[in-house]
Amino acid sequence: MFEEELQADYKNRINRVFEFIDENLEANLSLQKLAQIACFSPFHFHRIFRFITGERLNEYVKRRRIEKSALELLHTNNTTTVLAHKFGFSDNSSFSKAFKNYYSVSPTEFKKLNPHRHSKIRQLNSKNGQAYPDLEKYICTINNLKKWIKMNANVQITEIPAMQLAYVSCLGSQNLQEAYAELIRWATPQGLLSEEAKMVTIYHDSFKVTTSEKVRMSASMIINSPVEIAGEIRLTSIDAGKCIVANLTIGVHEFEKSWTGLFLWMNENGYKKADRAPFEVYHNNFNEHPEKKAIVDFYIPVG
């Protein structure tokens, strides 16, 4: 029991660091500062961080900055010079070199190869060292996704209220199920799992630019009254604001298609993603559905 409590405490502290890094990618993120946030000595923090993430601290921060710059290349008109300065690179040359080491293409080539600015098809192929698909096949895939989202999704623009949540954070889609299991173990004795309870997955990284095993997600549930948190459980909120909301009834293999199609819809209709995390709200347990389908709302915050 002591070992489990210790691990939960360590993960909780590292989660505070994840949140601080995400909110301060443009600042000086020193080992001393982040160790202080985690309440560890710098030496101990460095070891714990690498054990939990599989990356050295400087590697993690550099990767997050490059991925963030990639998203800005796709969704803004910022130049590579502006991005180099914004994310702490000494000059445009060092930024371009670091970017190419990660994505196998320069920032300029990356933007040219992704004219639609929403699909992960090309980015992931480039990171795997494979050739990009030919343009004709790419456009065909895009057109099919447009038709699919139009036929299967009820899409609306909605002003959503603020939501209060309890959550367990995890790195990698392969760990999301266990994060939900931990959340349910905490929620059950508190009587929070009523029929009205809503589970929510928040995506802090984008599959468009981050490999699946490194995407950070939060397995969450909406809470409507004060709760006692313990172990890995943390509290957070989703701000009120304008969102694209799409309701779908889909198989578990269709989530990626749904997200890609919805980002397509966003661009086709002239909306810009806000600097807030997209998320999913679930309305059923797909295992209890006669066709094993999930009834789910997809939310993209927009400006």
Side-chain angles (χ1 to χ4, degrees), residues 5-76 78-103 106-107 110 127 167-172 175 179 202-218 229 231-237 239 274-277:
E5 290 177 355
L6 186 63
Q7 288 183 15
D9 177 58
Y10 280 13
K11 288 180 180 178
N12 212 327
R13 297 196 211 183
I14 297 301
N15 281 333
R16 293 204 298 267
V17 173
F18 287 150
E19 291 167 5
F20 185 85
I21 290 173
D22 282 352
E23 293 168 4
N24 296 276
L25 272 174
E26 300 166 21
N28 178 27
L29 297 170
S30 67
L31 171 63
Q32 288 73 19
K33 175 67 176 178
L34 296 177
Q36 185 179 28
I37 290 169
C39 299
F40 287 125
S41 70
F43 175 76
H44 196 44
F45 168 67
H46 195 271
R47 293 177 61 196
I48 295 296
F49 187 90
R50 188 176 184 185
F51 176 78
I52 289 176
T53 66
E55 295 178 276
R56 294 184 178 90
L57 177 64
N58 62 335
E59 293 172 341
Y60 178 86
V61 171
K62 187 175 184 180
R63 174 174 66 79
R64 293 293 293 117
R65 285 173 167 161
I66 291 171
E67 290 170 349
K68 184 73 171 180
S69 71
L71 286 176
E72 293 213 11
L73 282 170
L74 296 178
H75 296 294
T76 74
N78 284 342
T79 66
T80 56
T81 301
V82 168
L83 293 176
H85 177 74
K86 182 175 182 179
F87 291 108
F89 292 89
S90 58
D91 52 39
N92 196 26
S93 176
S94 61
F95 168 63
S96 295
K97 182 178 179 181
F99 192 98
K100 190 169 185 177
N101 283 341
Y102 189 66
Y103 287 108
S106 71
F110 180 86
K127 282 196 286 185
Y167 75 95
V168 175
S169 186
C170 69
L171 284 177
N175 294 315
I202 303 173
Y203 295 92
H204 304 285
D205 298 324
S206 171
F207 286 93
K208 290 184 287 186
V209 297
T210 305
T211 53
S212 175
E213 68 273 11
K214 292 183 178 180
V215 168
R216 189 167 72 86
M217 296 171 283
S218 290
I229 60 172
E232 294 182 51
I233 307 298
R234 290 177 61 79
L235 300 178
T236 190
S237 61
D239 293 337
D275 191 20
R276 304 194 304 276

Any residue meeting side-chain contact (heavy atoms from CB on, under 4.5 Å) with H44, in chain and number order, not counting sequence neighbours: Y10, F40, S41, I48
Rounding to 0.5 Å, atoms OG (S96) and CG (N101) come to a distance of 11.0 Å
For R47, all residues meeting side-chain contact (heavy atoms from CB on, under 4.5 Å), sequence neighbours excluded: F43
Any chance you could measure L31, atom CG, to F49, atom CZ, to the nearest 0.5 Å? 10.5 Å
Tell me, please, which residues at least two apart from S218 pass side-chain hydrogen bond (donor to acceptor under 3.5 Å, both in side chains). H204
More than 12 non-hydrogen atoms from neighbouring residues, nucleotides or ligands closer than 6.0 Å to CZ on R56, yes or no? no
Rounded to the nearest 0.5 Å, how far apart are CZ of R65 and CZ of F87? 9.0 Å
Atom pair NZ (K214) and CG (D205), whose distance is rounded to the nearest 0.5 Å: 11.0 Å
Not counting sequence neighbours, which residues clear salt bridge (Lys or Arg N to Asp or Glu O under 4.0 Å) with K62? List them please. none
Could you note down all residue pairs passing salt bridge (charged side-chain N to carboxylate O under 4.0 Å, His left out) where residues 79-92 supplies at least one of them, sequence neighbours left out? E26-K86, E72-K86
Across all chains, not counting sequence neighbours, the side-chain contact (heavy atoms from CB on, under 4.5 Å) partners of L171 are F18, T53, R216
Mind checking side-chain hydrogen bond (donor to acceptor under 3.5 Å, both in side chains) for N24 and listing every partner two or more places apart, or none if nothing turns up? none
Distance col, row R63:CZ vs E59:CD, nearest 0.5 angstrom, shows 10.0 Å
After noting the C-alpha distance and the side-chain angles of C39 and R16, does the key distance pass the side-chain contact (heavy atoms from CB on, under 4.5 Å) rule? CA-CA 10 Å; C39 299; R16 293 204 298 267; 3.8 Å; yes
Got a sec, which pairs hit salt bridge (charged side-chain N to carboxylate O under 4.0 Å, His left out) with one end in residues 27-45, sequence neighbours left out? none
Could you please spell out the steps behind the side-chain contact (heavy atoms from CB on, under 4.5 Å) verdict for R13 and V17? CA-CA 7 Å; R13 297 196 211 183; V17 173; over 6 Å; no
Separation between CG of L29 and CG of N58, rounded to the nearest 0.5 Å: 11.5 Å
Could you work out, with side-chain hydrogen bond (donor to acceptor under 3.5 Å, both in side chains) as the rule, every residue matching S237, not counting sequence neighbours? none
Going by ring pair (Phe, Tyr, Trp, His ring centres under 6.0 Å), name the residues that satisfy it together with F95, two or more places apart in sequence or in a different chain. F89, F99
Residue list, side-chain hydrogen bond (donor to acceptor under 3.5 Å, both in side chains) with N175, at least two apart or on another chain: none
With sequence neighbours excluded, tell me which residues meet side-chain contact (heavy atoms from CB on, under 4.5 Å) with K11. I52, E232
